[in-house]
There are 2 protein chains.
Amino acid sequence: MRLLIVEDNVELSRLLASGLMAAGYESDIVNSVAEARDALRSVSYAAMILDLSLPDGDGLSVLSELRRKNDPLPVLVLTARNGLQDRVNGLRTGADDYLAKPFALEELVARLEAILRRPGQLLGSSLKLANLVYDTESKQVFVDGAPHVFSARETSVLEILLRRQGRVVPKKNVEDHIFGLSGEVASNAVEVYVSRLRKLLSEHNAKIVIHTIRGVGYLMAEEK
Amino acid sequence: MRLLIVEDNVELSRLLASGLMAAGYESDIVNSVAEARDALRSVSYAAMILDLSLPDGDGLSVLSELRRKNDPLPVLVLTARNGLQDRVNGLRTGADDYLAKPFALEELVARLEAILRRPGQLLGSSLKLANLVYDTESKQVFVDGAPHVFSARETSVLEILLRRQGRVVPKKNVEDHIFGLSGEVASNAVEVYVSRLRKLLSEHNAKIVIHTIRGVGYLMAEEK
DNA sequence: GACCAGCTTACGCCAGCCTTACATTGCTCT
DNA sequence: AGAGCAATGTAAGGCTGGCGTAAGCTGGTC
């Protein structure tokens, strides 16, 4: 699952990213309002962690822009301001939660996961399809109850296809989900991972097929 | 919108209910774990405000029961305990937010609305006709809820006719929509794709017909 | 019945996709 | 540190199915 961290303090953002990685999340870091806008336009994130004081403007403007577009992206606001009015403003603008600095990394992770667990269900309940169960917390795959561990990339592809099972997932979305902002990929990596995932699923007798929709993307469904 | 307040302090619960009514929400008040369970079983609420210390048990048990049943009901936990560990526990159990007493009514409303704001948007903008739904984002077609995948060209024709259902679409418009500006087509491609689309729609039992208007174009409508 | 617009089927071509192989990187265990 | 190993991204070659074209057919119109 990929997050966007908007924070101009380099030290803090690195700390966040590494803490979140330990908790099993990938993240992209940007340092300004402008970069945040770009990132949000090009990649689909599971959530955003947003600092309010940024060099080129107020983080809340990014948030209010999102909400004006009816984008339900979970947003956790991070700030030094901790007045009641600040908190109320943040939440009214559409923040899903509000955390004042300084904070414990543990609490940030807990609050983040609480956000992700809400309707929209990015986290929490496991995902199921046919005889396969994928636990979103431990990132473990079970086929007929037997546990398997796939590599990070394979899991990532499985997850996004599983979340949108029965629906077509554009190839570009898969690519963004796997690689985020970290340099565009100059190869057929997505195809390779889909291929590897197909092989894995079949080896483990999962009753699942990944259909290819030429020129569009992929569709995961139960094998009939 | 109706809320469930689970709180044994009568004074506080009344205060909450009146404050929420002022903000435009109806609410039911219950005082115990047992009553909460009954209420949840018989009524469908928009959200629950849950106090943890109740006369007959821990409010968290109500919450964990809900989540075990994959019920995504938004829950705002309310409590006097405010240790980091308490908050983390509450959020991990599946609370959407956690508010420590004492709190300002204004903040509770703001947090509640932050929780309620997210739409469970499963599909992008979609076009409908008879028993067919077309999702413009994933470019997927559903007939009686069953997903189908058409090729790029077929989808393209379907989309323009669907967007102007009930109206005649000049053949030239269809051609432009399919091929854009990229060089004119020196054949009867439009006719070919309309033909293929008709075949597909009928194969999938879509209750839709494409009428031909000689010398003009096509008209898509519900089959009577 | 002659004409004409549109319908349908067949077919070769090629972009897009699949798969395999391989070099590189980063991690683990000794 | 170094060996061993797994995972990752790239490249290359083969394959497939969607594509546009053309040709023969249908049915409505004058």
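Letters go in sequence order (proteins before strands), and every chain restarts at 1. Heavy atoms only: backbone and side chains are in, while hydrogens, waters and symmetry mates are out.
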Seminar exercise, completed: Sorted by chain and number, sequence neighbours left out, side chain to side chain donor-acceptor pair (under 3.5 Å) with A/S138 holds for A/D135

Rounded to whole Å, how long is the line connecting atom [atom1] of [X] with atom [atom2] of [N]?
| X | N | atom1 | atom2 | answer |
| --- | --- | --- | --- | --- |
| A/K139 | D/dA7 | NZ | P | 16 Å |
| B/E175 | C/dA5 | CD | P | 15 Å |
| B/K172 | C/dA5 | NZ | C1' | 18 Å |
| A/L158 | D/dA7 | CG | C1' | 17 Å |
| B/E154 | D/dG18 | CD | C1' | 8 Å |
| A/L197 | D/dA7 | CG | C1' | 15 Å |

Seminar exercise, completed: B/S/- along nucleotides 11-21 of chain C (protein heavy atoms under 4.0 Å) is ----BBSBBBB

Test: [X] and [Y] ion pair at under 4.0 Å:
| X | Y | value |
| --- | --- | --- |
| A/R2 | A/E26 | yes |
| A/K171 | A/E175 | no |
| B/E159 | B/R164 | no |

Exercise. Would you say D/dG18 has OP1 or OP2 under 4.0 Å from some side-chain N or O of B/S151?
Worked result: no

For this session: Please find out if less than 6.0 Å separates the ring center of A/F150 from that of A/H204.
Result: yes

For this session: Can you establish whether the number of heavy atoms outside A/E11 located under 6.0 Å from its atom CD is more than 12?
Result: no

